[in-house]
Amino acid sequence: MTERTDRNEQRVSVNLAERSYDIVVARGVLDNAGCAIARALGQNGGVAGRTAAIVVNPKVDRIYGPRLVSSLKGAGFSVITIPVAAGESYKTLRAVERIFEQLYRHAVDRKTVIVALGGGVIGDVAGYAAASYQRGLDFVQIPTTLLAQVDSSVGGKTGVNFGSAKNLIGAFYQPRLVLVDPDTLKTLSLRERRSGMAEVIKYGVIADASLFSRISDEIAGLLDLKSSFLEEAIARSCRIKAGVVASDERDMGLRAILNFGHTVGHALESVTNYRTYRHGEAIALGMVSASLIGEEMGITPPAVTRALTDLLVRAGFAVKLDASLGIQQIISLLSLDKKSVAGGARFVLAPNLGSATFGHIVSDAIVTRALDRQRLM
Ligand SMILES: NC(=O)c1ccc[n+]([C@@H]2O[C@H](COP(=O)([O-])OP(=O)(O)OC[C@H]3O[C@@H](n4cnc5c(N)ncnc54)[C@H](O)[C@@H]3O)[C@@H](O)[C@H]2O)c1
């Protein structure tokens with residue numbers, strides 16, 4: 001097969017000893033997926049007899065499924081498609097069981113590779129199925145939302161919701177390869193792309209001031225996907241997360257810095273029953289809260305809050321806390337957070353653009369002062 005090349009192609013190595021793998025970011029890489037997967041599985045000489053099981057929801061399958069199937073078949077895989085319903089409410093054990101049923105029905109063997117094509121829900125569900133079926137099948141992610149490209153497909157967390165708890169059941173399970181095709185973002189709504197951009201902005205704040213400044217210069221072109229910096233912005237985001245994950249794969253410490261903006265962000269999602277905000281919109285508000293809390297703690301310079309809010313506003317995010325949201329209700333949710341301790345909730349704070357520290361215990365009084373200020377922005 002001929003492989004298309006993108007001169008902006010970026011490659012990120014995730015270094016986890018024998019579980020190391022690459023993330024390839026390139027426009028059009030979807031059409032090269034078959035060859036790229038065969039190479040990553042060490043099957044340069046052909047993949048005859050190997051099955052690729054694509055896990056995908058019907059909408060994404062309609063748009064991108066045929067190209068992936070044709071690329072996989074072209075590389076010699078036998079292909080089956082396992083449809084899974086879209087949406088967070090289907091991130092369940094039942095969805096995993098349905099995948100098992102299909103794998104069983106097709107009598108697939110242990111050389112089968114599971115290919116997750118879709119957003120974070122598909123990646124998490126398919127990854128968990130891959131981790132458990134026959135005690136672990138090869139797994140490849142082809143994330144098609146910006147959130148999945150820069151966040152959920154990096155780091156090996158897979159799993160499903162259970163009862164009212166998010167991601168309660170799951171496994172750390174690394175893929176063999178992640179293929180990111182930024183062109184797939186064209187069929188997402190602007191709101192969905194913007195939501196993912198909140199995480200990209202977060203990486204700039206916590207770890208890379210020059211990334212933050214490039215995003216700031218190019219925000220319009222990044223959101224409409226015309227900027228040639230897009231591949232690099234995605235790759236640098238993945239590299240930052242991969243670096244953090246490499247030093248704290250099982251989430252025992254440093255990985256916490258990835259939660260910048262997520263403490264208040266999660267509370268906002270929860271207080272509004274996950275109906276009002278896309279995840280990134282809540283995180284954008286939560287990053288502003290964290291910055292104001294950092295100011296109140298004497299850790300974050302006001303210039304950081306100004307740069308962050310300026311960029312978020314230009315990206316189209318709300319930064320002001322809506323008056324209808326009860327501050328006390330938000331605070332009571334913070335104390336339920338599993339990361340909270342006696343004396344306050346734990347926060348990740350930014351002492352400067354491009355750096356973050358975690359484990360700050362912040363009193364309710366300080367959170368209240370910061371959120372009061374955010375209401376008046
Ligand atoms: N594993 C991790 O480390 C990790 C990290 C962050 C988030 N997550 C999880 O990710 C999930 C959220 O992921 P998400 O924001 O990608 O949402 P999602 O997976 O629900 O996808 C959002 C919607 O976009 C559609 N879609 C996907 N790609 C498309 C495309 N290219 N064109 C058109 N439509 C498309 C999907 O059909 C879906 O309806 C949550 O369940 C969250 O817990 C996991």
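One-based numbering, in listed order, for ligands and for the atoms of each. Just the heavy atoms: all of them, side chains too, but no hydrogens, waters or symmetry mates, feed the values below.
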request  = With rounding to the nearest 0.5 Å, note down the distance linking OG1 in T300 to CG in L292.
outcome  = 9.0 Å
message = Quiz question: by atom type and distance under 3.5 Å, do the side chains of D22 and S13 form a donor-acceptor pair?
response =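 Yes, side-chain donor-acceptor contact under 3.5 Å.
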request  = Mind checking ring pair (Phe, Tyr, Trp, His ring centres under 6.0 Å) for F100 and listing every partner two or more places apart, or none if nothing turns up?
outcome  = Y133
task = Not counting sequence neighbours, which residues clear ring pair (Phe, Tyr, Trp, His ring centres under 6.0 Å) with F358? List them please.
result =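 So F358 forms no ring pair (Phe, Tyr, Trp, His ring centres under 6.0 Å) with any residue.
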message = Tell me whether E97 is salt-bridged to R94, with the criterion being a basic N under 4.0 Å from an acidic carboxylate O.
response = yes
request  = Name all pairs fulfilling the side chain to side chain donor-acceptor pair (under 3.5 Å) condition that reach into residues 355-364, sequence neighbours left out, sorted by first residue then second.
outcome  = T357-H360
For ligand 1, find each of its N or O atoms that sits under 3.5 Å from a protein N or O atom, and tabulate the pairs with distances to one decimal place.
unit_1   : atom_1 : unit_2 : atom_2 : d
ligand 1 : 1 (N)  : D124   : OD1    : 3.0
ligand 1 : 1 (N)  : K157   : O      : 2.9
ligand 1 : 13 (O) : G120   : N      : 3.2
ligand 1 : 16 (O) : G120   : N      : 2.8
ligand 1 : 16 (O) : T145   : OG1    : 2.6
ligand 1 : 19 (O) : G120   : N      : 3.0
ligand 1 : 19 (O) : V121   : N      : 3.0
ligand 1 : 28 (N) : T144   : O      : 3.3
ligand 1 : 28 (N) : T144   : OG1    : 2.7
ligand 1 : 31 (N) : T144   : O      : 3.0
ligand 1 : 31 (N) : T184   : O      : 2.9
ligand 1 : 31 (N) : T187   : OG1    : 3.4
ligand 1 : 32 (N) : T187   : O      : 3.4
ligand 1 : 32 (N) : T187   : OG1    : 2.8
ligand 1 : 34 (N) : K59    : NZ     : 3.4
ligand 1 : 37 (O) : N57    : ND2    : 2.7
ligand 1 : 41 (O) : E88    : OE1    : 2.6
ligand 1 : 41 (O) : E88    : OE2    : 3.4
ligand 1 : 41 (O) : K91    : NZ     : 2.9
ligand 1 : 43 (O) : K91    : NZ     : 2.9
ligand 1 : 43 (O) : K166   : NZ     : 3.3

